[in-house]
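Worksheet: one structure, shown below.
Each chain gets a letter, A, B and so on, in the order the sequences are listed, and its residues count up from 1.
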Protein chains: 2
Amino acid sequence: MEENKHVTIYDIAERLNLATSTISRALKDHHTISDKTIKKVKKTAEEMGFVPNTLAAGLRGNKTRTIGVLIPTVTQPFLSSLISGIEITAQKSDYTVIIMQSHDSYEEEVNMAKSLYSNRVSGVICSLAMETRDTAHFHQFSNNNIPLVFVDRVPKGYNTFRVVIDNYTAGYKATKHLIEQGCIRIAHFTAGSELGNLYNERKRGYIEALKDHNIEIEEELIINLNSVTYEDGVKASNALFDLKPLPDGLFAPGDILAVSAVQTAKKRGIKVPEEFKVIGFNNDPISQIIDPNLSTITHPAEKMGKAAAEIIIKNLKSSKNDDAKEITFLNTEVLARESTQK
Amino acid sequence: MEENKHVTIYDIAERLNLATSTISRALKDHHTISDKTIKKVKKTAEEMGFVPNTLAAGLRGNKTRTIGVLIPTVTQPFLSSLISGIEITAQKSDYTVIIMQSHDSYEEEVNMAKSLYSNRVSGVICSLAMETRDTAHFHQFSNNNIPLVFVDRVPKGYNTFRVVIDNYTAGYKATKHLIEQGCIRIAHFTAGSELGNLYNERKRGYIEALKDHNIEIEEELIINLNSVTYEDGVKASNALFDLKPLPDGLFAPGDILAVSAVQTAKKRGIKVPEEFKVIGFNNDPISQIIDPNLSTITHPAEKMGKAAAEIIIKNLKSSKNDDAKEITFLNTEVLARESTQK
DNA sequence: TATTTTTACGCAACCGATTGCAATTGTTGT
DNA sequence: ACAACAATTGCAATCGGTTGCGTAAAAATA
């Protein structure tokens, strides 16, 4: 096994009797270098198997062309699609993506933010951990002019870029859809109010839709879950089905929860959608697999990832220090499938 | 907005009237530095908000504590779980993970391998792209003593670490399970023989199991798919159900395919598992959602990720240049659920 | 008290690419 | 043929930690 040292521009320079500065410029098609030299350098670089050391370039230029992604986990369909979008866009502009999982832990998020900073990422895309209550650990980016984009689970009162959907409207639409399908006693699952309180927003939409249609809001139909997991969904569903006059609809703010409700209903002999209609959220793959197919709200994960990455890249190009950090809203729509059919 | 320059060890050195070498060593608890100084330095570093520049350290020390992950996509459940495992293990040893998606394209894989090398990753974990036929683009790692671990879809005839399951045995077990459940005409979906030919192995297991149980191998029951997708699964399923004596079982080497078969069967009025039993592969989330629940073969994604990361980290610690690159086999087992019930 | 051994810290080169400015060579104009 | 200018290329500093080696100060030994 050869212990090949990495080939550097010094090696090329020596071979061609040129200065490293010339090599460096030639490789980048700098206009002050003659075409002959450029060709010669590139050819030699290729021959010698030269691969630029991005560390050196990054250190010198103080820019790494790296986007740090800090999210709760990569295994949720929404988040893995988000990553996919980020990565595709980053790739096109020759950016590298570093991914870290907070596992919804505040402490890990803080450490990882520091780690990203330590890696001198050029930009950061983050979806907040559930636990996170304050965002001081992101100041290191803002203070150093490193573009920061929050996606989906975004903090309030922090002037940064945000890429989100309108959770209020989405919640409203989902609920309205149930009403239109004939539901009159509509339940709702919601989750602990975290910093990026998207569940609160969805709930708000739910409540407004009911109000607008003159349906009474019943507190017992709104169940608060500890976590958005299948297990907690089953618990909540059972609690729901224990109610005396059975609700006839459910707006679950996540497909996993909706699926748990559908399956629990089945087990208890409640027919979906005849007796009980369900609409989920996210359009996860499972929504099309489960029987009956799940009506749901689209959540354009990949688009959001692309949008976030584009914001970072654009912002990095035009180094004008925009103080206005716009919020990007992406559309959602109701996907009416079997689980809410009349 | 403050244009805070990053705090460096030079800043700390100046403030404390010490040399940068002392600062550097103090921050790492070097034994030649007095406890007093160490404490003082750490306190000051903290106060000044010092965050080490990993680029500088990486450049100088030629080690970045970064693991590059090169996989087809992050959105497949198996692969996102793999990442999760890698990331968890890396995190524990203070390694950073860089992720790149080849999208099953050979060309992208080549570029990204170069990009990882360019980023001077300390180690590489890769699952090959479908298109990939040769592995020359990985020599840059092997030649430079950068540990390289292939996972799941691994090349043959390349002396590197490999973390895999025994696809032959898994295929054998799956088929045997169907036989035990009473199937006598068992179909099989397989996919184009790529470099890391795990589908071939599973097929081999399928064939051997049939032979061992004196069941004739019928070529028409073995359907070759272009891609392992839901759409192609539906096509293959329809082809299968067009056969005159209907097969009574299917070993699908992926849960998506199995699900497509189950749903196609349902649509055509074929009862699962009464008339047609199906076993999948991977234990994807959908396997537990679909009705009937899908029997499947476990594929320990997270464990495989952890194992791969551990190999890299271990190998990096003991810099002894092991020429023996062991293969790690992880266990798989049959999860008997509804879709193969007698 | 003089000398050897520890202990604690400083000096300066180094990793590899980038870049402002200087220097050299080549062209054009007169 | 010579000045003026453009086209190329070289020099050397720089980014920020790291580390081998040297040295001063403190402690131990003679």
Side-chain angles (χ1 to χ4, degrees), chain A residues 4-42 44-45 48-66 94 96 115 117-122 144, chain B residues 4-42 44-45 48-66 94 114-115 117-122 144:
Chain A
N4 292 337
K5 283 316 291 173
H6 307 274
V7 178
T8 72
I9 56 171
Y10 289 91
D11 301 327
I12 304 176
E14 194 178 9
R15 178 100 93 94
L16 294 178
N17 249 328
L18 287 171
T20 60
S21 50
T22 304
I23 309 299
S24 173
R25 292 186 175 111
L27 290 170
K28 306 195 122 48
D29 293 309
H30 197 281
H31 68 279
T32 65
I33 307 293
S34 69
D35 288 347
K36 257 174 289 175
T37 305
I38 290 184
K39 254 178 218 154
K40 194 169 51 175
V41 169
K42 286 191 174 174
T44 307
M48 299 179 74
F50 170 75
V51 179
N53 184 326
T54 55
L55 298 176
L59 176 60
R60 168 60 218 246
N62 204 35
K63 48 193 141 182
T64 55
R65 295 189 82 78
T66 292
D94 206 33
T96 297
S115 177
Y117 182 77
S118 190
N119 275 282
R120 296 298 185 268
V121 292
S122 299
N144 285 288
Chain B
N4 291 337
K5 284 315 292 172
H6 307 273
V7 177
T8 71
I9 58 171
Y10 289 90
D11 301 326
I12 304 176
E14 193 178 10
R15 179 101 93 92
L16 295 178
N17 251 326
L18 288 171
T20 60
S21 50
T22 303
I23 308 299
S24 174
R25 293 188 174 110
L27 290 170
K28 305 195 123 48
D29 293 308
H30 197 279
H31 68 279
T32 66
I33 307 294
S34 69
D35 288 347
K36 259 173 288 176
T37 305
I38 290 184
K39 254 178 218 156
K40 194 169 52 176
V41 168
K42 285 190 175 175
T44 307
M48 299 179 74
F50 170 75
V51 179
N53 184 326
T54 55
L55 298 176
L59 177 59
R60 168 60 218 246
N62 203 35
K63 48 194 141 182
T64 56
R65 295 188 83 76
T66 292
D94 206 34
K114 188 187 266 190
S115 177
Y117 182 78
S118 189
N119 275 282
R120 296 296 186 269
V121 292
S122 299
N144 285 287

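Atom CZ in Phe50(A) sits roughly 8 Å away from atom C1' in dA17(C) (whole-Å rounding). Going from atom CG of Asp11(A) over to atom P of dG16(C) covers 8 Å, rounded to whole Å. dC15(C) atom C1' lies 12 Å from atom CG of Leu55(B), rounded to whole Å. Atom-to-atom, NZ of Lys63(A) to P of dG16(D) comes out at 14 Å; the value is rounded to the nearest Å. Nucleotide dA8(C) holds its P atom 13 Å from the NZ atom of Lys40(B), rounded to whole Å. Separating the NE2 atom of His6(B) from the P atom of dG16(D) is a distance of 8 Å, rounded to the nearest angstrom. One interatomic measurement links the two molecules: CG of Asn119(A) to C1' of dG17(D), which rounds to 14 Å at whole-angstrom precision. The interatomic distance linking Arg60(B) (CZ) with dG16(C) (P) rounds to 10 Å, in whole Å.
Of all the heavy atoms in Val7(A) and Met48(A), the pair that sits closest is CG2-O, 3.1 Å. Nearest heavy atoms, Arg25(B) versus Thr32(B): CD-OG1, 4.1 Å. Closest non-hydrogen pair, Arg65(B) versus Ser122(B), comes out as N-OG, 2.9 Å.
Judged as a salt bridge (charged side-chain N to carboxylate O under 4.0 Å, His left out), and not counting sequence neighbours, Lys40(B) has no contacts. For Asn53(A), the side-chain hydrogen bond (donor to acceptor under 3.5 Å, both in side chains) test picks out no residue, with sequence neighbours left out.
Residue contacts for Asn53(A): at a heavy-atom cut-off of 4.0 Å it reaches the sugar-phosphate backbone alone, with no base atom in range. Nucleic acid contact for Thr8(A): sugar-phosphate only, since backbone atoms but no base atoms lie under 4.0 Å from a heavy atom of the residue.
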I need a per-nucleotide contact map over nucleotides 4-12 of chain D, read 5' to 3'. Cutoff is protein heavy atoms under 4.0 Å; write B for the base, S for backbone only, - otherwise. ----BBBB-
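A distance-only check finds a donor-acceptor pair linking the side chain of Thr54(B) to the backbone of Ser118(A) [under 3.5 Å].
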